[in-house]
Amino acid sequence: MALRRALHFVFKVGDRTKSATFYRDVLGMKILRHEEFEEGCKATCNGPYDGKWSKTMVGFGPEDDHFVAELTYNYGVGEYRLGNDFLGLTLQSSQAVSNAKRLGWPLTQVEEAVYLIQAPGGYPFYILDKQQPSHDPVQKVCLGVSDLQRSTRYWATLLGMTVMDESQDENTVLLGYSDSQCKLELRDTGGKVDHGTAFGRMAFSCPRGQLPDIEALMKKEKEKILNPLVSLDTPGKATVEVVILADPDGHEICFVGDEAFRQLSAVDPRGNELLDKAIAEDKSNEWFAKNKMQKPAA
């Protein structure tokens with residue numbers, strides 16, 4: 001499975017202005033590309049919503065060799081309820097720690113040289129207070145599971161990840177497709193996993209020819225397929241094919257054909273400009289205020 005890559009995690013955001021400040025100014029990520037859509041995604045990339053939405057990719061470098069964040073914004077939703085499914089993203093950057101302190105963004109030291117910080121919406125990020133590496137600073141994403149043995153089998157045996165570390169004391173298993181990629185950590189929550197309404201999605205790429213095989217394996221194993229193999233269009237850009245799965249606890253997983261995705265994910269030098277323009281032109285908050293309504297929570 002060496003040809004498979006961890007790509008990004010999808011976060012739903014209710015405030016693009018605050019989110020842009022956090023990812024750009026606090027963490028020090030770059031806007032890799034920004035896209036606007038008039039209707040919901042066929043593969044529910046923006047969640048179960050049909051209206052206008054946007055996608056902003058942010059990261060420390062191109063998605064070819066960095067794990068990034070996908071920020072999805074639904075114009076009609078102001079906030080989302082967190083569950084216990086997403087337990088944190090860990091990255092290494094003393095510069096991010098310095099940025100947070102300078103900008104007054106709350107930091108909590110959880111152990112020596114490790115800080116907890118929350119993105120807008122309450123998503124937890126763990127920052128290692130060490131010099132940012134020349135390669136990708138993002139180290140791992142941690143997800144809560146209700147049965148560690150069952151989930152490890154799913155991700156390792158069915159999806160082909162390698163178990164790289166285990167901790168009985170912390171009830172965790174660390175998996176990945178290679179040492180050089182962002183890892184996936186599974187942590188046993190000791191109970192049912194609640195996805196709230198903020199539930200995310202972790203994306204991976206594989207050679208396009210593997211997509212039908214992944215779908216067929218899940219059918220054979222009677223595992224959940226949220227979206228069978230489907231093509232997704234982005235105006236003016238490459239069309240990609242995806243299969244969307246759900247693991248035993250309902251964590252959403254996207255596998256996308258690598259060849260077309262490398263074209264789609266090319267860094268757009270206009271990313272910052274397009275995001276700032278979209279934020280400036282977004283009148284949804286004013287509309288709700290004018291009609292004496294509060295922007296709804298999901």
Side-chain angles (χ1 to χ4, degrees), residues 7-20 31-58 68-83 85-86 119-123 194-203 211 215 224-247 250-257 260-261 264-265 268 271 274-298:
L7 298 175
H8 59 256
F9 193 86
V10 180
F11 297 96
K12 296 183 183 68
V13 301
D15 188 323
R16 283 189 298 192
T17 301
K18 288 182 179 178
S19 295
I31 305 299
L32 304 175
R33 67 184 194 276
H34 177 81
E35 295 151 358
E36 294 279 328
F37 302 89
E38 292 300 321
E39 57 186 25
C41 173
K42 288 191 293 184
T44 63
C45 303
N46 63 313
Y49 308 100
D50 293 329
K52 186 176 180 180
W53 66 288
S54 74
K55 174 197 299 183
T56 308
M57 308 304 294
V58 296
V68 311
E70 176 178 317
L71 311 180
T72 62
Y73 171 73
N74 292 290
Y75 277 77
V77 182
E79 62 180 311
Y80 301 87
R81 182 179 67 83
L82 293 177
D85 53 345
F86 175 77
Y123 303 107
D194 174 16
H195 294 277
T197 58
F199 62 93
R201 173 180 290 178
M202 195 162 178
L211 294 174
E215 183 177 338
K224 193 165 187 178
I225 299 172
L226 297 177
N227 284 92
L229 185 59
V230 63
S231 296
L232 301 180
D233 297 322
T234 299
K237 296 188 178 182
T239 295
V240 299
E241 294 175 277
V242 304
V243 172
I244 313 295
L245 313 173
D247 81 350
H251 290 291
E252 295 192 0
I253 307 153
C254 172
F255 274 94
V256 58
F261 186 77
L264 175 67
S265 62
D268 185 346
L274 292 174
L275 172 60
D276 290 339
K277 181 175 183 288
I279 291 174
E281 294 178 351
D282 181 0
K283 305 303 180 185
S284 58
N285 288 333
E286 289 88 336
W287 186 91
F288 282 102
K290 180 180 178 181
N291 289 274
K292 298 179 180 180
M293 297 167 60
Q294 184 174 356
K295 201 169 189 180

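Nothing here was measured: the structure is a model prediction, and the numbers come from that model.
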Participant: Would you say that Thr234 contacts Glu35 through its side chain, given a criterion of any heavy-atom pair below 4.5 Å between the two side chains?
Facilitator: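 They are in side-chain contact.
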Participant: Over all heavy atoms of both residues, which pair between Trp53 and Cys45 is shortest? Give the atoms and the distance, please.
Facilitator: CH2-CB, 4.0 Å
Participant: For Leu211 and Phe255, work out which heavy atoms get closest and say how close.
Facilitator: CD2-O, 3.5 Å
Participant: For a side chain to side chain contact (heavy atoms under 4.5 Å, CB included) check, start with the C-alpha distance between Lys55 and Phe37, then their side-chain angles and the critical distance, and finish with the verdict.
Facilitator: CA-CA 8 Å; Lys55 174 197 299 183; Phe37 302 89; 4.0 Å; yes
Participant: With side chains defined as the heavy atoms from C-beta onward, is the minimum distance between Ile225 and Ile244 less than 4.5 Å?
Facilitator: no
Participant: Classify the side-chain pair Asp233/Thr239 by whether it contains a donor and acceptor separated by less than 3.5 Å.
Facilitator: yes
Participant: Out of curiosity, Glu70 CD to His8 NE2, how far, rounded to the nearest 0.5 Å?
Facilitator: 4.0 Å
Participant: Distance from Tyr73 atom OH to His34 atom NE2, nearest 0.5 Å?
Facilitator: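 Tyr73 OH to His34 NE2: 10.0 Å, rounded to 0.5 Å.
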Participant: Please enumerate all residues that pass side-chain contact (heavy atoms from CB on, under 4.5 Å) together with Ala297, with sequence neighbours excluded.
Facilitator: Glu79
Participant: How close do Leu229 and Glu215 get, counting heavy atoms only, and between which atoms?
Facilitator: N-OE1, 3.0 Å
Participant: Determine, stepwise, if the pair Val10 / Thr72 fulfils side chain to side chain contact (heavy atoms under 4.5 Å, CB included).
Facilitator: CA-CA 7 Å; Val10 180; Thr72 62; 3.7 Å; yes
Participant: Would you compute the distance between atom CZ of Arg16 and atom CG of Asp276 and round it to the nearest 0.5 angstrom?
Facilitator: 10.0 Å
Participant: Considering all heavy atoms of both residues, which atom of Arg81 and which atom of Gly196 are nearest to each other, and what is their separation?
Facilitator: NH2-CA, 3.2 Å
Participant: Test side chain to side chain contact (heavy atoms under 4.5 Å, CB included) on Glu252 and Leu245; report intermediate values, then the result.
Facilitator: CA-CA 6 Å; Glu252 295 192 0; Leu245 313 173; over 6 Å; no
Participant: Return the NE2 to CZ distance between His251 and Phe86, rounded to the nearest 0.5 Å.
Facilitator: 11.0 Å
Participant: Taking all non-hydrogen atoms of both residues into account, name the closest pair between Arg201 and Cys254 and its distance.
Facilitator: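 Result for this residue pair: CD-CB, 3.9 Å.
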Participant: Under 6.0 Å between ring centres, would you say that holds for Tyr80 and Phe199?
Facilitator: no
Participant: Report the residues that fulfil side-chain contact (heavy atoms from CB on, under 4.5 Å) with Asp268, sequence neighbours left out, ordered by chain and then residue number.
Facilitator: Arg33, Lys237, Arg270, Leu274
Participant: To check you understand the geometry: which heavy-atom pair defines the closest contact between Ser54 and Glu36, and what is its length?
Facilitator: CB-OE2, 3.3 Å
Participant: Distance from Asn285 atom CG to Thr17 atom OG1, nearest 0.5 Å?
Facilitator: 8.5 Å
Participant: Using a strict 4.0 Å threshold on nitrogen-to-oxygen distance, state whether Lys290 and Glu286 make a salt bridge.
Facilitator: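 Between Glu286 and Lys290 there is no salt bridge, as every charged N stays at least 4.0 Å from the carboxylate O atoms.
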Participant: Is there a donor-acceptor pair under 3.5 Å between the side chain of Asn74 and the backbone N or O of Asn46?
Facilitator: yes
Participant: So how far is it from Phe11 CZ to Thr56 OG1, rounded to the nearest 0.5 Å?
Facilitator: 13.5 Å
Participant: Measuring only between side-chain heavy atoms, which start at C-beta, is Leu226 closer than 4.5 Å to Thr44?
Facilitator: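 No, their side chains stay 4.5 Å or more apart.
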Participant: With the side chain counted from C-beta on, respond yes when Ser231 and Val240 share a heavy-atom pair under 4.5 Å apart, and no when they do not.
Facilitator: no
Participant: Give the C-alpha distance, both sets of side-chain angles, the deciding distance and a yes or no for side chain to side chain contact (heavy atoms under 4.5 Å, CB included) between Val230 and Val242.
Facilitator: CA-CA 6 Å; Val230 63; Val242 304; 3.6 Å; yes
Participant: Give every residue pair that meets the salt bridge (charged side-chain N to carboxylate O under 4.0 Å, His left out) criterion with at least one member in residues 38-50, sequence neighbours excluded.
Facilitator: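 For residues 38-50, and leaving out neighbouring residues, there are no salt bridge (charged side-chain N to carboxylate O under 4.0 Å, His left out) pairs at all.
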